Amino acid sequence: DGWSIEVLTRELGTLYDAFRRGKENPLPPLPVQYADYAAWQRQWVDGEVLRQQAEYWNQTLAGAPGLLELPTDHARLARQDFSGGLIGIDLGEELTAALKALGQRHGTTLFMTVLAGWAAVLGRLSGQPDVVVGTPSANRGRTEIEGLVGFFVNTLALRIELGGSPSVAELMGRVRERALGAQQNQDIPFEQVVELVQPARSMAHAALFQVMFAWQSASEGGSELSGPGTAGAGSLGAAPKVAAKFDLSLALGEAGGRIMGSVVYATSLFEQATVERWLGYLRRALEAFVADDRQAVDALPLLPESERRLVLGEWNRTEAEYPRGLCIHELFQAQVRRTSDAVALISGDLSLTYAELNARANRLARRLVALGAGPETIVALALERSAEMVVALLAVAKAGAAFLPVDPAYPAERRRWMLERSAARLVLTTSALAADLPATHAAVVALDLVAAEIEGEDDSDLSVDVDAENAAYVIFTSGSTGRPKGVVVPHRGIGNLAAAQREAFGVEPGGRVLQFASFSFDAAVAEVAHALLSGAALVMARPGQAGPELLALMRDQAVTVATLPPSLLAALPADDLPALRTVVSAGEAVSADVVARWGAGRRFVNAYGPTETTVCATVSIDPSPDGRPPIGRPIANVHAYVLDARMQPVPVGVTGELYVGGVGVVRGYLGQPAQTAERFIP
């Protein structure tokens with residue numbers, strides 16, 4: 001008990017001085033002994049007092065978060081590790097004086113004022129509207145025990161609510177009310193409070209709170225909520241390795257006109273640099289407190305300029321050369337000229353060279369132009385995954401139009417909505433599928449019938465007035481948050497996507513790329529683009545082909561690059577595919593186990609991106625299988641920002657909303673004004 005040590009030291013000095021001078025014991029007899037206090041406490045917290053205080057703690061802590069979810073550097077262990085490190089902090093005379101003046105205006109002690117700042121920082125780091133902080137209380141509220149040596153300290157759990165975007169002044173008022181309320185109900189031992197509240201218990205962390213804040217005054221007894229510091233956290237210059245009873249233990253006090261102290265942190269969770277950065281946030285928050293107590297707490301500027309430059313600038317230096325101004329069909333035609341005799345597409349027993357695929361697409365494109373296809377018109381592709389689908393995709397692009405994939409397996413109402421909403425001029429399908437199409441104003445073209453009609457017609461490249469800002473395709477969202485929306489994707493992002501994925505995936509001329517994704521998902525566009533714009537062969541999987549049949553296809557066709565969802569990768573064996581050099585995981589969160597199995601001896605890429613960013617926005621290449629694989633960094637010419645609700649960058653490691661900008665960002669949605677930037681939530 002820090003109080004007891006102070007009193008004991010002072011009284012020992014008095015005794016020593018008296019005995020050295022040969023005088024009698026100068027200390028007055030104590031009115032009570034510690035045993036008397038213990039007996040009194042048992043009586044005091046029994047009956048009505050116990051009921052009242054228990055009701056207070058039950059009401060105050062009801063629904064409080066059981067874990068303060070700070071962004072850790074290391075995964076939390078199943079059992080709490082008490083190894084700790086220590087960092088000193090000194091707020092200086094100027095800031096201390098300003099905080100005193102601020103507290104005087106709002107009726108708060110330094111303890112309350114600094115706690116408000118610390119709670120604001122913890123709330124921003126965790127993203128939680130409620131923060132529970134533990135604090136030791138001296139618990140010497142009666143005059144009879146002021147001079148009694150003994151352990152009286154109790155621990156109080158202070159729940160600080162940050163919701164509703166309070167101002168600095170409002171938050172200080174909330175902290176004052178909570179601190180005084182806790183002081184008035186401090187007689188119940190903390191262990192009994194835990195039993196009353198019954199939080200979810202875990203061996204991985206302390207119950208009710210994981211962050212401690214202790215205030216030790218240099219004067220007798222200190223503030224109304226003063227008490228001992230945590231182990232090893234008494235002053236600057238203490239041993240750097242200490243015991244960490246909690247995730248973070250901040251111990252401060254005022255001495256010589258300066259607020260100073262230290263923080264003990266759990267080294268199993270945090271690196272020293274992280275905690276040092278957070279202490280910098282605390283200083284900046286308190287500086288903002290004194291600068292303007294009317295500003296909203298969730299708008300406090302925590303990041304120093306160096307960190308803002310890092311997250312906004314340095315981590316987004318993604319500029320790279322790419323084929324600017326060219327459309328997907330122009331890039332494909334350039335590849336045809338380079339590798340005309342190389343295999344471009346394999347579908348079952350059918351194999352087409354680049355020249356043959358180009359010729360088929362050119363003949364169909366001329367027919368589409370004759371039927372009214374052109375720039376900014378939409379042509380629906382109601383086709384199953386097949387060679388005809390790839391031919392149709394290229395033909396629509398060559399005609400200058402935008403393709404819209406419409407999965408024949410979708411419910412009729414959804415297909416009708418997509419066709420009507422897009423105002424598709426043409427629907428390309430087959431005779432077998434045409435009968436099941438919903439009735440719309442679009443003209444229906446059965447490709448199996450047209451193929452015979454156009455055989456032998458002009459198969460040279462077309463000249464169409466279309467540029468990279470024109471729509472290349474339209475993909476409808478799932479509709480999980482309302483009616484499906486048609487995302488209009490221009491050509492400009494496709495060339496950049498193909499160039500970035502060519503490098504990230506290691507796609508080379510002569511390689512073989514699996515085409516597995518449904519054409520209703522934009523991942524299929526990426527598979528077609530990075531294969532056919534790189535000189536590789538596109539290997540088509542049949543609809544529904546999965547499991548052993550898919551592995552056999554990949555093995556027989558010597559597939560070198562495959563993009564597969566993590567759920568499928570988890571269900572398949574990763575061996576016996578000697579040609580496979582790159583595995584790309586996309587569409588779902590991938591586990592560390594999948595990375596470890598499928599990444600052994602291969603390049604493993606975790607790719608992420610919503611449709612609105614032209615398929616892919618970020619990639620993580622060969623992520624460590626030790627923890628949950630990240631989504632990685634932005635691809636070439638794409639910028640990624642993690643922002644808070646006020647559109648400000650969050651601190652490093654903190655959860656926020658993902659905003660993406662750059663070459664791949666789409667124009668907008670069907671029926672809505674064009675946009676130059678779009679907001680996307682991961």
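Computed from a predicted structure; not experimentally measured.
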### Ser620 (side chain) donor-acceptor with Gly632 (main chain) under 3.5 angstrom
no

### Lys/Arg-Asp/Glu bridge criterion (N-O < 4.0 Å) met for Arg502, Glu508
no

### Query
Mind checking whether Leu419 and Pro438 have side chains closer than 4.5 Å, heavy atoms only?
yes

### Query
Do Trp315 and Leu310 come close enough that some side-chain heavy atom pair is under 4.5 Å?
yes

### Query
Taking atom OG1 of Thr611 and atom CD1 of Ile475, what is their separation to the nearest 0.5 Å?
6.0 Å

### Verdict with supporting geometry, Tyr473 and Phe403, ring pair (Phe, Tyr, Trp, His ring centres under 6.0 Å)
CA-CA 5 Å; Tyr473 63 91; Phe403 68 87; 5.3 Å; yes

### Query
Under a 4.5 Å cut-off applied to non-hydrogen side-chain atoms, are Leu352 and Val343 in contact?
no

### Message
I'd like to check Pro630 versus Pro623 (side-chain heavy atoms, cut-off strictly below 4.5 Å). Are they in contact?
### Response
yes

### Task
Could you walk me through whether Val561 and Arg512 pass side-chain contact (heavy atoms from CB on, under 4.5 Å), step by step?
CA-CA 6 Å; Val561 179; Arg512 296 200 167 188; over 6 Å; no

### Query
What pair of heavy atoms forms the shortest contact from Ala523 to Ala517, and how long is it?
CB-CB, 3.8 Å

### Task
Report yes if the side chains of Val583 and Val605 come closer than 4.5 Å at any heavy-atom pair, otherwise no.
no

### Task
Report the distance from atom NZ of Lys485 to atom CE of Met418, rounding to the nearest 0.5 Å.
14.5 Å

### No-hydrogen, no-angle side-chain donor-acceptor test under 3.5 Å, Ser460 and Arg366
yes

### Message
Under the criterion side-chain hydrogen bond (donor to acceptor under 3.5 Å, both in side chains), I'd like the reasoning laid out for Glu420 against His441: C-alpha separation, chi angles, the key distance, then a yes or no.
### Response
CA-CA 8 Å; Glu420 291 178 350; His441 296 295; over 6 Å; no

### Query
So, Asp341 and Thr353: side-chain donor and acceptor under 3.5 Å apart, yes or no?
no

### Query
Judged by modelled atom types alone, do His491 and Glu330 share a side-chain donor-acceptor pair under 3.5 Å?
no

### Message
For Gln557, is the CD atom crowded, meaning more than 12 foreign heavy atoms sit under 6.0 Å from it?
### Response
yes

### Task
Spell out, as yes or no, whether a donor-acceptor pair under 3.5 Å connects the side chain of Thr274 to the backbone of Phe270.
no

#### Entry: Leu350 backbone acceptor or donor facing Ser347 side chain under 3.5 Å
no

### Message
Between Arg425 and Thr377, do the side chains contain a donor N or O and an acceptor N or O under 3.5 Å apart?
### Response
no

### Task
Find out whether Val528 and Leu533 are in side-chain contact, i.e. whether some heavy atom of one side chain is under 4.5 Å from a heavy atom of the other.
no

### Message
With rounding to the nearest 0.5 angstrom, report the CD to CE distance, Gln515 to Met389.
### Response
8.5 Å

#### Entry: Arg555 vs Asp576, side-chain contact (heavy atoms from CB on, under 4.5 Å): CA-CA, chis, key distance, verdict
CA-CA 8 Å; Arg555 184 169 50 250; Asp576 199 22; 3.4 Å; yes

### Message
Taking Phe516's backbone N and O only, do any of them form a donor-acceptor pair with Arg385's side chain (distance below 3.5 Å, no angle check)?
### Response
yes

### Query
Can any side-chain N or O of Arg492 pair as donor or acceptor with the backbone N or O of Val665 at less than 3.5 Å?
yes

### Message
Side chains of Glu388 and Thr430 only: does a donor on one sit below 3.5 Å from an acceptor on the other?
### Response
no

### Query
If every non-hydrogen atom of Ala536 is compared with every non-hydrogen atom of Val507, which pair is closest and at what distance?
CB-CG1, 4.0 Å

### Query
With no hydrogens and no angle check, is any side-chain donor or acceptor of Ser431 less than 3.5 Å from a backbone partner on Ala446?
no

### Message
Can a donor-acceptor pair be found, under 3.5 Å and without considering hydrogens, that links the side chain of Thr339 to the backbone of Val336?
### Response
no

### Query
Is the side chain of Asp622 donor-acceptor paired with the backbone N or O of Phe604 at a distance under 3.5 Å, no angle test?
yes

### Verdict with supporting geometry, Glu527 and Leu514, side-chain contact (heavy atoms from CB on, under 4.5 Å)
CA-CA 7 Å; Glu527 291 168 335; Leu514 179 68; 5.8 Å; no

### Query
Taking atom types as modelled and ignoring hydrogens, do the side chains of Thr318 and Asn637 form a donor-acceptor contact shorter than 3.5 angstrom?
no

### Task
Could you tell me whether a side-chain N or O of Trp417 sits under 3.5 Å from a main-chain N or O of Pro484, the two making a donor and an acceptor?
yes

### Query
Looking only at heavy atoms, what is the nearest atom pair of Leu553 and Gln545, with distance?
CD2-OE1, 3.6 Å

### Message
Quick one: does any side-chain atom of Asp644 pair with a main-chain N or O of Val650 as donor and acceptor, under 3.5 Å?
### Response
no

### Option among Val539, Leu580, Thr560 that satisfies the side-chain contact (heavy atoms from CB on, under 4.5 Å) test with Met554
Leu580

### Task
Please check if any side-chain donor atom of Asp458 sits under 3.5 Å from a side-chain acceptor atom of Asn362, or the reverse.
no

### Message
Minimum heavy-atom separation for Leu67 and Arg76, please, with both atom names.
### Response
CD1-NH2, 3.7 Å

### From Leu345 atom CG to Leu394 atom CG, the distance as rounded to the nearest 0.5 Å
9.0 Å

### CZ (Phe521) with more than 12 external heavy atoms under 6.0 Å
no

### Task
Specify the closest pair of heavy atoms between Ala529 and Ile494, including all atoms of both residues, with the distance to one decimal.
CB-CG2, 4.1 Å

### Query
What's the spacing between Gln501 CD and Cys616 SG if we round to 0.5 Å?
5.0 Å

### Task
Give, for atom CG of Asp73 and atom CG of Leu269, the distance between the pair rounded to the nearest 0.5 Å.
8.5 Å

### Query
Side chains of Val445 and Val427: closer than 4.5 Å at any heavy-atom pair?
no

### Thr613 versus Val666, closest heavy-atom pair with distance
N-CG1, 4.3 Å

## Note on the structure
Given the options Arg338, Gln333, Gln335, Arg337, Tyr354 meets side-chain contact (heavy atoms from CB on, under 4.5 Å) only with Gln335

### Message
With heavy-atom distances below 4.5 Å as the criterion, would you say the side chains of Thr429 and Val444 are in contact?
### Response
yes

#### Entry: Residue pair Val663, Val638: steps toward the side-chain contact (heavy atoms from CB on, under 4.5 Å) verdict
CA-CA 6 Å; Val663 171; Val638 170; 5.6 Å; no

### Message
If the threshold is 4.0 Å, N to carboxylate O, is there a salt bridge linking Glu453 and Arg367?
### Response
yes

